[in-house]
Novice: 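The structure follows.
Letters go in sequence order (proteins before strands), and every chain restarts at 1. Heavy atoms only: backbone and side chains are in, while hydrogens, waters and symmetry mates are out.
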6 protein chains.
Amino acid sequence: MTGKSPKESFTIMNELVLPNDTNMLNNLMGGRLLHWMDIAAAISGQKHCNRIVVTASVDNVSFKHSIKLGDVVTIEAKVSRAFNTSVEVRLDVWAQNIPSGTRVKSNEAYYTFVALDKDGYKIGVPELVPETDEDIELYNGALRRRQLRLVLGGKMKADEATELKALFVGKG
Amino acid sequence: MTGKSPKESFTIMNELVLPNDTNMLNNLMGGRLLHWMDIAAAISGQKHCNRIVVTASVDNVSFKHSIKLGDVVTIEAKVSRAFNTSVEVRLDVWAQNIPSGTRVKSNEAYYTFVALDKDGYKIGVPELVPETDEDIELYNGALRRRQLRLVLGGKMKADEATELKALFVGKG
Amino acid sequence: MTGKSPKESFTIMNELVLPNDTNMLNNLMGGRLLHWMDIAAAISGQKHCNRIVVTASVDNVSFKHSIKLGDVVTIEAKVSRAFNTSVEVRLDVWAQNIPSGTRVKSNEAYYTFVALDKDGYKIGVPELVPETDEDIELYNGALRRRQLRLVLGGKMKADEATELKALFVGKG
Amino acid sequence: MTGKSPKESFTIMNELVLPNDTNMLNNLMGGRLLHWMDIAAAISGQKHCNRIVVTASVDNVSFKHSIKLGDVVTIEAKVSRAFNTSVEVRLDVWAQNIPSGTRVKSNEAYYTFVALDKDGYKIGVPELVPETDEDIELYNGALRRRQLRLVLGGKMKADEATELKALFVGKG
Amino acid sequence: MTGKSPKESFTIMNELVLPNDTNMLNNLMGGRLLHWMDIAAAISGQKHCNRIVVTASVDNVSFKHSIKLGDVVTIEAKVSRAFNTSVEVRLDVWAQNIPSGTRVKSNEAYYTFVALDKDGYKIGVPELVPETDEDIELYNGALRRRQLRLVLGGKMKADEATELKALFVGKG
Amino acid sequence: MTGKSPKESFTIMNELVLPNDTNMLNNLMGGRLLHWMDIAAAISGQKHCNRIVVTASVDNVSFKHSIKLGDVVTIEAKVSRAFNTSVEVRLDVWAQNIPSGTRVKSNEAYYTFVALDKDGYKIGVPELVPETDEDIELYNGALRRRQLRLVLGGKMKADEATELKALFVGKG
């Protein structure tokens with residue numbers, strides 16, 4: 001199983017914000033966006049693994065700006081690191097109001113997926129081979145994010161999370 | 001504006017997992033669950049604030065078990081702490097397969113919401129007054145989780161996150 | 001097969017009224033509410049029977065108040081009586097407008113469900129053992145409602161519906 | 001305001017049963033059918049009234065046969081009687097499995113609707129002038145069904161429901 | 001396999017335009033209408049073939065008038081000609097605004113479907129036997145439309161499309 | 001109003017085929033695909049016009065291969081030519097089965113859109129300036145396709161469609 005580059009799993013999704021996606025103030029509901037992001041990330045994860053993949057976790061997501069009815073939401077997803085039987089997918093989300101010509105970054109996120117065979121058992125996935133500087137930075141940060149998931153999920157003690165401590169000595 | 005207890009915002013949602021909620025292995029898709037959780041949490045946040053609320057962030061969520069087509073998903077939500085114009089909502093999610101009589105904890109999560117007035121401006125919210133031991137534990141942990149959100153969102157330097165460091169010296 | 005109390009099948013569903021649930025006057029459409037009630041009642045019926053259940057009938061439902069876009073609909077369901085292979089589920093529905101602080105009873109209803117085994121055949125269900133005074137009243141009224149269903153469905157002659165006649169001598 | 005015949009409000013709806021409309025046994029869920037029936041009946045009521053109409057009640061509905069995934073559901077609706085500001089709509093529902101060539105009557109039902117003006121106030125509706133023998137039979141039965149709704153809704157005492165008593169002396 | 005008349009496959013669908021079906025100007029989106037037309041046409045095709053049918057093509061469709069939120073869309077479909085293993089279905093679409101009493105023809109269209117057996121293989125279909133003058137005109141025009149599909153799909157050379165040339169010498 | 005290149009309106013949409021998108025044979029329904037294509041094309045048209053756009057027509061679409069449940073559908077859209085107040089959008093659609101590693105071209109299509117101002121009136125749009133050889137070929141073919149639309153829509157006589165005749169003398 002040879003490695004793959006992030007651009008092999010790169011996936012773009014565009015969605016139009018329709019009435020049922022919005023709340024009483026005509027803002028896109030956060031849960032709908034998380035749902036779209038999950039589908040975009042799953043497609044990206046599938047492309048890397050050539051397998052059915054299922055969502056294992058989503059990291060902290062902050063919604064910085066409200067997205068309005070009629071806006072176009074653009075979601076870009078690519079695998080940022082592969083582990084034994086799972087992948088971390090990086091997402092970048094923009095909202096565009098076309099008549100007014102504005103386009104803002106809504107948020108970034110990381111979803112992880114487990115690859116499964118046809119019978120639903122975990123199965124190994126190809127390595128991720130980063131290419132660009134941005135790829136490498138995302139790849140390197142993945143260990144730290146993984147430790148944070150394990151600590152928050154109660155599966156690793158905080159004082160064993162050596163990579164994570166970098167968060168508290170270097171930049172976030 | 002007098003304070004409110006967590007039980008005043010306590011909200012239960014039950015959903016039946018239907019075909020369109022599932023992937024090729026008949027498992028509930030993570031994004032659909034995040035969407036349901038957002039609605040349950042928003043109702044809970046609204047009850048506390050008596051305002052329209054919009055999703056500001058979702059903390060790390062891990063999906064421990066697959067949830068199957070036909071299962072009943074039970075989501076319980078309550079406000080765990082109020083800040084000036086926002087609330088943190090704690091969610092507990094179970095999946096129940098009724099014919100086989102199994103019921104498993106799927107996951108826990110924290111969503112935060114900002115309260116808005118009719119014109120869409122941020123507005124103050126009532127204090128949260130914890131009552132039970134569990135309420136108090138959730139209330140106390142909220143500062144640490146908030147610092148983590150700020151650090152991950154690039155709005156606080158890691159070395160200023162005094163509460164968060166507790167994560168790395170005590171338990172998670 | 002030991003009997004079960006109504007509280008073992010008690011189920012709460014909360015739904016937020018979204019744009020697609022409403023008509024041109026921003027009122028929740030009756031059919032959407034009937035659909036939600038069916039799902040809540042089916043979950044309740046499943047809990048009592050530990051079986052897949054299918055809707056056999058819905059009794060007369062009156063919608064007293066309009067429910068508006070953005071309202072929270074709360075549906076409470078519990079089994080009110082079990083027959084050989086079917087259960088009657090009692091529903092209470094409220095609509096809450098959270099920013100204005102109003103909460104009104106929308107309606108009450110009874111749905112009946114038949115329990116099926118894995119191959120789709122009818123199968124026996126546990127008895128319902130009423131506990132509270134309200135439970136007992138609902139339990140006793142179930143025979144009368146059942147006769148009304150049978151008479152309206154052409155399966156019982158009106159003059160044999162001895163229980164139903166109570167409707168015309170006492171209160172409804 | 002001149003009267004209208006039932007055929008002026010006659011409405012046919014055909015729907016294909018898709019996966020999300022079905023339960024674990026691939027049967028159409030009763031609530032989904034009630035929802036479709038509400039839309040078909042509302043269109044019929046609108047045609048008679050030339051107004052927006054909102055659902056006031058649904059009478060007892062019994063589902064005699066299961067309807068399967070892939071079946072075609074045909075709903076026929078027409079106004080059976082008009083009152084001051086409301087109409088009763090009669091529905092006939094069939095399920096057709098086209099490859100196997102079967103077509104069965106699923107159920108009959110009555111929905112009532114209130115007509116509203118643009119500001120949401122009740123407004124008078126045209127009379128219903130029955131034409132065929134079947135029209136006349138439905139028209140005559142409408143008083144009895146209305147009394148049953150009022151008695152069940154607690155708005156009429158059973159012993160004042162003179163028409164309804166016909167149910168217990170003649171046929172249902 | 002005896003032939004069938006167009007009225008044996010005649011199918012009416014009525015749909016109410018709901019918020020999620022519309023764009024920012026409260027107009028029905030063209031894609032939603034194409035989707036409804038596909039379902040109506042598929043039901044009609046199924047009725048003729050007594051088989052599962054799948055969409056093979058849709059001919060040029062022009063939307064002449066905008067259809068608004070709250071309008072009733074009426075779609076009439078019937079088979080206009082059968083070929084070996086496929087049928088052409090003719091659609092007529094109207095939009096009705098009931099409170100204002102307007103009803104306009106929205107568009108006409110032709111969809112073609114292929115009939116499949118249970119294993120997904122193409123299978124022969126009954127002949128279409130036109131009855132009325134309109135039936136015969138639609139039947140005769142079907143060859144020309146078929147040649148246009150084949151030429152546009154690159155499966156027939158334009159100069160072999162003898163029927164199609166009638167379009168350029170006679171009426172459209 | 002300066003002209004724009006096709007790449008400025010280039011839009012990619014990826015969708016996962018879910019159960020409700022499919023028929024009894026687990027094939028994506030043609031109408032659902034037409035709906036997705038309409039949204040992708042509308043986003044592309046909006047990007048070119050910086051206006052709300054509404055669907056005016058869809059040209060003949062042929063579905064060459066069945067698309068299965070679980071496949072990823074990729075839709076690419078870009079403006080191929082602008083007219084006074086409308087644009088023609090070219091679509092290319094692929095279906096990818098990721099676990100089996102197959103990717104097939106499903107179909108090509110042209111949708112046209114009219115640009116509207118905030119009050120719903122037609123408004124002028126920027127010119128399309130083709131850049132690549134493929135752009136130029138699509139641009140040149142647009143006149144012929146437009147004449148076909150006008151002839152089929154009864155707005156132009158066939159013998160005036162000078163460009164269209166190229167279809168019958170040159171290649172399709």
Novice: If you count heavy-atom pairs under 4.5 Å with chain E, which of G154(F), S66(F), G31(F), G30(F) comes out on top?
Specialist: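 The option with the most such pairs is G31(F).
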
Novice: Of all of V58(E), T112(E), D59(E), which one pairs up most often with chain F through heavy atoms under 4.5 Å apart?
Specialist: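 Among the listed options, the one with the most contacts to chain F is V58(E).
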
Novice: Just one of R145(E), R144(E), R146(E) clears the salt bridge (Lys or Arg N to Asp or Glu O under 4.0 Å) bar with E88(E), so which one?
Specialist: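 Single salt bridge (Lys or Arg N to Asp or Glu O under 4.0 Å) partner of E88(E) among R145(E), R144(E), R146(E): R145(E).
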
Novice: At a heavy-atom separation under 4.5 Å, does K157(E) approach chain F through its side chain, its backbone, both, or neither?
Specialist: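 For K157(E), neither part sits under 4.5 Å from chain F.
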
Novice: So which part of L116(E) gets closer than 4.5 Å to some heavy atom of chain F, the side chain, the backbone, both or neither?
Specialist: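 Interface part for L116(E): side chain.
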
Novice: Tell me, out of D119(E), T55(E), V114(E), who's got the most heavy-atom pairs with chain F below 4.5 Å.
Specialist: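 Looking at each of D119(E), T55(E), V114(E) in turn, T55(E) comes out on top.
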
Novice: Non-hydrogen atoms of chain E under 4.5 Å away: do they reach the side chain of L34(F), the backbone, both or neither?
Specialist: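 Backbone plus side chain of L34(F), per the 4.5 Å heavy-atom cut-off to chain E.
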
Novice: Can you tell me which of D38(E), N27(E), N60(E) forms the most heavy-atom pairs within a distance under 4.5 Å of chain F?
Specialist: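 Heavy-atom pairs under 4.5 Å are most numerous for N60(E).
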
Novice: Could you report the tightest heavy-atom contact between W36(E) and L16(E), atom names first, then the distance?
Specialist: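 So the two residues come closest at CH2-O, 4.1 Å.
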
Novice: For A42(F) and F113(F), work out which heavy atoms get closest and say how close.
Specialist: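 Where A42(F) meets F113(F) most closely, the heavy atoms are N-CZ, 3.5 Å.
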
Novice: Quick one, D92(F) with I75(F), criterion side chain to side chain contact (heavy atoms under 4.5 Å, CB included). Give me CA distance, side-chain angles, the key distance, then yes/no.
Specialist: CA-CA 6 Å; D92(F) 289 277; I75(F) 302 172; over 6 Å; no

Novice: Is chain F contacted by the side chain of Y111(E), its backbone, both, or neither, given a heavy-atom distance below 4.5 Å?
Specialist: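 For Y111(E), the contact with chain F is made by the side chain alone.
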
Novice: Is K64(F) in contact with chain E via its backbone, its side chain, both, or neither, using a 4.5 Å heavy-atom distance?
Specialist: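 Neither part.
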
Novice: Tell me, with the steps shown, if E127(E) and K4(E) meet salt bridge (charged side-chain N to carboxylate O under 4.0 Å, His left out).
Specialist: CA-CA 6 Å; E127(E) 265 188 276; K4(E) 286 184 167 182; over 6 Å; no

Novice: Could K78(E) and E134(E) be called an ion pair, given the rule that one side-chain N must be under 4.0 Å from one carboxylate O?
Specialist: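 E134(E) and K78(E): salt-bridged.
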
Novice: Is the shortest side-chain N to carboxylate O distance from E131(E) to K7(E) below 4.0 Å?
Specialist: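 The answer is yes: the pair qualifies as a salt bridge.
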
